[in-house]
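One structure is given here, and the rest of the page talks about it.
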Amino acid sequence: MGKSSKDKRDLYYRKAKEQGFRARSAFKLLQLDDEFHFLDNVDRVVDLCAAPGSWSQVLSRRLFIDGEENCDKKIVAVDLQPMSPIDHVVTLQADITHPRTLGKIMELFKGEKADFVCSDGAPDVTGLHDLDEYVQQQLILSALQLTTCLLRKGGCFVAKIFRGRDIDMLYSQLGYLFNKVICAKPRSSRGTSLESFIVCQDYNPPDGWLPNLDINAPVEDFFEGCSIGRLSLEDKLADYHEQPRDIAQFLSCGGLDSFDSDATYHDLPENSVILAPVQSPTNPPYKKALELKRSGKLTRNI
């Protein structure tokens, strides 16, 4: 979490630090679960693109109430970036597109399937909305490939999306794999952001389709057999007729009594102090730039 003036006025930013969360995004998962209850009665959970770990913290607190030990429950957090340890969470610094990552997770689960898979990952945004939406959808498809290999039938998948003009195609693709697909916007997610979350419930893959994660195979080949992949040369296009659009139901999560993420709150106590971040970045992308600056090697060519 940064220290911009906007963040200092954001109640979710302050509440996250007060409650020991590493980022304000923890409240997004909490509000989604309050609406959909997907964390009820789950034992095996995978958190993809997990750094810095706020969603993993929520999962740990929900699955291990009052710090209770339960050997039947397991939380695995995966990210390319290193993560500081979290109670009851096994962290893997790995690539979600690599088959080795799937093998490590299944080994931790002792061959059992996951009950719930989530992904709060997002690319470094450029401000070019079409490009950002495209890259985000590719990230979701990568997470979805791993999810189909991990998730038990009837399980749930939650992922961050950028809701743009072409999002209907993603809804349609997910509809081939899940019986219920809903687009949700937690109240803690700023209204000025394109960010929303796709909640996919009741995983139900097509009969006879066996997902096989291959790092050298394109996404289209992976989903071949469940009506999501590309057309082959032998396939013929059907006669054109107008199809109804696949529009996922949109829900706003978080009651009106929740804090407004776009509002500025001035009613802080007079004796309030600036709280330090719960967990400093372990390997921030700007680390090398700071090292060069300290050594006097970071200069600007004019």
Side-chain angles (χ1 to χ4, degrees), residues 25 28-42 44-49 55 58-59 96 113-123 132-189 191 193-211 213 219-220 222-230 242-254:
S25 56
K28 300 173 186 176
L29 184 61
L30 287 169
Q31 290 175 348
L32 287 169
D33 183 55
D34 286 342
E35 180 70 33
F36 300 103
H37 306 286
F38 44 65
L39 294 182
D40 294 346
N41 303 316
V42 297
R44 292 172 296 278
V45 176
V46 181
D47 183 9
L48 304 177
C49 306
W55 277 28
V58 172
L59 295 170
I96 65 173
K113 295 279 189 175
D115 301 309
F116 175 72
V117 180
C118 60
S119 173
D120 190 32
D132 293 337
E133 290 166 21
Y134 172 79
V135 176
Q136 175 67 6
Q137 289 200 20
Q138 298 309 303
L139 181 61
I140 293 172
L141 288 176
S142 295
L144 183 62
Q145 288 183 79
L146 185 58
T147 298
T148 56
C149 298
L150 286 171
L151 195 62
R152 65 167 175 82
K153 190 171 182 179
C156 181
F157 172 62
V158 174
K160 177 188 290 185
I161 62 172
F162 290 162
R163 194 160 48 97
R165 61 184 180 183
D166 297 324
I167 197 64
D168 289 359
M169 180 176 290
L170 180 62
Y171 297 154
S172 177
Q173 292 170 331
L174 292 169
Y176 285 102
L177 298 169
F178 295 88
N179 288 335
K180 191 173 184 180
V181 178
I182 297 174
C183 178
K185 179 82 169 177
R187 193 164 173 80
S188 52
S189 176
S193 171
L194 287 174
E195 168 194 81
S196 291
F197 293 86
I198 197 75
V199 180
C200 307
Q201 296 175 302
D202 195 9
Y203 177 53
N204 187 22
D207 293 335
W209 180 63
L210 296 176
L213 196 60
V219 175
E220 293 89 347
F222 177 87
F223 288 109
E224 186 178 6
C226 63
S227 302
I228 296 180
R230 61 190 172 196
E242 192 71 25
Q243 292 275 355
R245 294 177 61 193
D246 288 307
I247 303 177
Q249 181 183 2
F250 183 85
L251 290 178
S252 178
C253 301

Working to the nearest 0.5 angstrom, can you tell me the gap between [X] [atom1] and [Y] [atom2]?
X: Cys200; Y: Leu177; atom1: SG; atom2: CG; value: 8.5 Å
X: Ile140; Y: Leu144; atom1: CD1; atom2: CG; value: 9.0 Å
X: Phe222; Y: Thr148; atom1: CZ; atom2: OG1; value: 3.5 Å
X: Leu30; Y: Ser188; atom1: CG; atom2: OG; value: 8.5 Å
X: Leu141; Y: Leu170; atom1: CG; atom2: CG; value: 6.5 Å
X: Ser172; Y: Leu174; atom1: OG; atom2: CG; value: 9.0 Å

Heavy atoms only: give me the nearest [X]-[Y] pair and the separation to one decimal.
X: Leu39; Y: Val42; result: O-CG2, 3.5 Å
X: Cys149; Y: Lys113; result: O-NZ, 2.9 Å
X: Ala184; Y: Leu32; result: CB-CD2, 3.6 Å
X: Leu151; Y: Ala114; result: CD1-O, 3.5 Å
X: Ile96; Y: Cys49; result: CD1-SG, 4.2 Å
X: Gly191; Y: Lys185; result: CA-CE, 4.3 Å

Electrostatic pair Arg163:Glu195 at N-O distance under 4.0 angstrom: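 Salt bridge absent between Arg163 and Glu195.
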NZ/NE/NH1/NH2 to OD/OE distance under 4.0 Å, Lys180 and Asp202: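 Asp202 and Lys180: not salt-bridged.
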Check: [X] side chain, [Y] main-chain N or O, donor-acceptor pair, under 3.5 Å:
X: Trp55; Y: Ser25; value: yes
X: Gln136; Y: Lys160; value: yes
X: Ser193; Y: Ser189; value: no
X: Asp115; Y: Arg44; value: yes
X: Gln31; Y: Arg187; value: yes

Under the side-chain contact (heavy atoms from CB on, under 4.5 Å) test, residues paired with Glu133 that sit two or more places apart: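 Partners of Glu133 under the side-chain contact (heavy atoms from CB on, under 4.5 Å) test: His129, Asp130, Phe162, Leu194.
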Find out whether [X] and [Y] are in side-chain contact, i.e. whether some heavy atom of one side chain is under 4.5 Å from a heavy atom of the other.
X: Asp120; Y: Asp47; value: no
X: Ile198; Y: Val181; value: yes
X: Pro206; Y: Tyr176; value: no

Geometric class of the Tyr203/Phe178 ring pair [parallel <30°, tilted 30-60°, perpendicular >60°]: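 Plane angle between 30° and 60°, so tilted.
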Partners meeting ring pair (Phe, Tyr, Trp, His ring centres under 6.0 Å) with Phe116 (sequence neighbours left out):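 With neighbours one apart ignored, the set is Phe38.
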Set of residues satisfying ring pair (Phe, Tyr, Trp, His ring centres under 6.0 Å) with respect to Phe36, sequence neighbours excluded: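 With neighbours one apart ignored, the set is empty.
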More than 12 heavy atoms of other groups within 6.0 Å of Asn41 CG: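 12 or below, so no.
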Criterion side chain to side chain contact (heavy atoms under 4.5 Å, CB included) on Phe223 and Gln173, from CA distance to verdict: CA-CA 10 Å; Phe223 288 109; Gln173 292 170 331; over 6 Å; no
Side chain to side chain contact (heavy atoms under 4.5 Å, CB included) evaluation trace for Cys183 with Tyr171: CA-CA 9 Å; Cys183 178; Tyr171 297 154; 3.5 Å; yes
